[in-house]
Amino acid sequence: MPELPEVEAVVRTLRPLVQKQRIRSVHVLHPIAVKPQSASHLARFATDRRIRCVTRKGKYVLLVLDRGLLTLHFRLDGQLLWFSSPNEFLERANQPKNGVHVDVAFEFGTGVLGFADRRHFGRVHAWESIENSTGLSSLGVDGLSKDFTVARFRELLSASVRPLKDFLMDQNRVAGLGNIYSCESLWHARLNPRRRAGSLKPHESRRLHKAIVSVLARALECCLHPAPDFRDSAWWFQGLEKILRVYGREGKPCRRCRAPIQRVVRGGRSTYYCRRCQK
DNA sequence: CCTGCTACCTGATGGC
DNA sequence: TGCCATCAGGTAGCAG
């Protein structure tokens with residue numbers, strides 16, 4: 001459940017389920033999901049704590065407790081599941097027949113929240129404070145926040161010599177963009193992914209800022225309708241493909257100028273762009 | 001400090 | 001059908 005809009009939609013769905021609830025118990029079924037922390041640390045930390053609020057920073061979900069906080073990160077394939085009772089959880093989770101996969105579960109008075117990721121990339125961590133988490137504390141300005149202004153964005157761009165694509169993927173500059181929405185933003189802004197961040201003219205950085213904001217807002221709208229369904233393990237965001245203009249369209253005509261879309265690979269990640277109209 | 005590369009895992013898909 | 005290669009929406013950790 002990767003990029004910022006998807007995570008935001010998850011947070012909004014999760015909030016009414018667990019906010020103000022007390023965590024009765026914690027079950028770590030696959031300890032790899034809490035690495036490099038330990039199952040006992042997470043259990044000790046979270047058991048009997050109340051969730052003060054559910055929020056988000058970049059692609060991290062934050063469960064702020066009455067003391068400390070938990071972070072959930074879905075990486076590539078993680079998702080949340082909701083079971084209406086401990087009984088339902090026991091019957092459905094990690095059963096050999098038709099079982100849904102669960103790595104970590106939090107039991108509440110109203111139901112059980114499962115964190116699932118069969119690929120075991122996703123993580124659940126416990127922290128005394130945000131500052132204690134290197135990943136969290138170094139995050140840049142959130143792409144959906146009010147602090148993401150053109151002026152701030154220009155400052156960040158001018159301080160970097162990296163290619164725009166790498167710059168946008170760097171969570172420590174602007175937090176929340178991943179591979180898909182980086183490609184999409186660059187396409188909307190008509191900018192070549194290889195351009196150096198610091199080389200943008202003022203009108204170009206304004207264009208890119210506007211593109212990022214609108215791409216994220218549009219995707220979020222899409223992610224909220226319909227809202228995530230944690231009861232259905234097969235559920236996934238619908239209709240995102242119809243808002244994508246360039247991602248995944250290698251060889252197909254650019255929706256602006258009809259030139260074929262290029263795919264280039266770096267570090268195992270694909271970048272899609274139009275050679276003709278992204279300069 | 002910055003940058004670039006690899007490891008971490010599993011499942012789906014497509015070519016032969 | 002089976003086998004193999006490739007691909008997947010991400011980040012931490014490391015070397016240079």
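Lettering follows sequence order; numbering is per chain, from 1.
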Could you tell me the separation between the [atom1] atom of [X] and the [atom2] atom of [N], rounded to a whole number of Å?
X	N	atom1	atom2	answer
A/W236	C/dA8	CH2	P	15 Å
A/D170	C/dA12	CG	P	11 Å
A/Q37	C/dA12	CD	C1'	14 Å
A/L76	C/dC7	CG	P	15 Å
A/E250	C/dA8	CD	C1'	15 Å
A/K35	B/dC8	NZ	P	9 Å
A/Y181	C/dG10	OH	P	10 Å
A/R269	B/dG4	CZ	P	15 Å

Notebook entry, point to check: So among A/C222, A/P228, A/C223, which one has a side chain to side chain contact (heavy atoms under 4.5 Å, CB included) with A/E6?
Noted result: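 Among the candidates, only A/C223 passes.
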Note to self: If you assign each of A/R173 and A/G267 to its closest nucleotide in DNA chain B, which residue comes earlier from the 5' end?
What the structure shows: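 Counting from the 5' end, the first nearest nucleotide belongs to A/R173.
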Notebook entry, point to check: Side-chain N or O of A/Q171 less than 4.0 angstrom from OP1 or OP2 on C/dT11?
Noted result: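 For A/Q171, the contact criterion (side-chain N or O under 4.0 Å from OP1 or OP2 of C/dT11) is met.
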Margin query: Any side-chain N or O of A/R162 below 4.0 angstrom from OP1/OP2 of B/dC2?
Written below: no
Can you find a side-chain donor-acceptor pair between [X] and [Y] that sits under 3.5 Å?
X	Y	result
A/S25	A/E107	yes
A/S214	A/R218	no
A/K165	A/T271	yes

Notebook entry, point to check: Stacking check: are the rings of A/F121 and C/dT11 less than 5.5 Å apart at their centres and under 30 degrees in tilt?
Noted result: no
Count the heavy atoms of every other residue, nucleotide or ligand shown that sit under 6.0 Å from [atom1] of [X], and state whether that count exceeds 12.
X	atom1	value
A/R67	CZ	no
A/K20	NZ	yes
A/R194	CZ	no
A/R275	CZ	no

Touch class at under 4.0 angstrom, heavy-atom based, for [X] against every strand present:
X	result
A/L240	base
A/S270	sugar-phosphate
A/G135	sugar-phosphate
A/R123	nothing
A/D166	sugar-phosphate
A/Y60	sugar-phosphate

Note to self: Distance check, P atoms only: C/dG13 and B/dC9, in whole angstrom units.
What the structure shows: 13 Å
Notebook entry, point to check: Do A/H27 and A/F106 have their ring centres less than 6.0 Å from each other?
Noted result: no
Check: Of all of residues 186-200 of chain A, which get a heavy atom below 4.0 angstrom from DNA chain B, listed by number?
Finding: none
Next item on the list: With the side chain of A/V161 defined as its heavy atoms from C-beta on, choose the nearest nucleotide among B/dT3, B/dC9, C/dG10.
Entry: B/dT3
Check: Any stems for DNA chain C, made of 3 or more Watson-Crick or G-U pairs in a row, each with both distances under 3.5 Å?
Finding: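 The stems that DNA chain C takes part in, listed by first number, are B:2-8 with C:10-16, B:10-16 with C:2-8.
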Next item on the list: Using heavy atoms to find the nearest nucleotide of DNA chain C for A/H73 and A/G268 separately, return the residue whose nucleotide is more 5′.
Entry: A/G268
Check: Could A/R249 and A/W187 be counted as a cation-pi pair, given that NZ or CZ must be under 6.0 Å from the ring centre and within 45° of the axis?
Finding: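 No, a cation-pi geometry is absent between A/R249 and A/W187.
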Note to self: With a 4.5 Å cut-off on side-chain heavy atoms, are A/L168 and A/V174 touching?
What the structure shows: no
Notebook entry, point to check: Less than 4.5 Å apart, any side-chain heavy atom of A/C277 and any of A/C254?
Noted result: yes
Next item on the list: Look at A/D142 together with A/R56 and state whether they make a salt bridge at an N to O cut-off of under 4.0 Å.
Entry: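 Yes, charged N to carboxylate O under 4.0 Å.
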Next item on the list: Spell out protein contact along nucleotides 10-16 of chain B as letters: B when the base is contacted, S when just the sugar-phosphate is, - when no protein heavy atom is under 4.0 Å; keep the 5' to 3' order.
Entry: BS-----
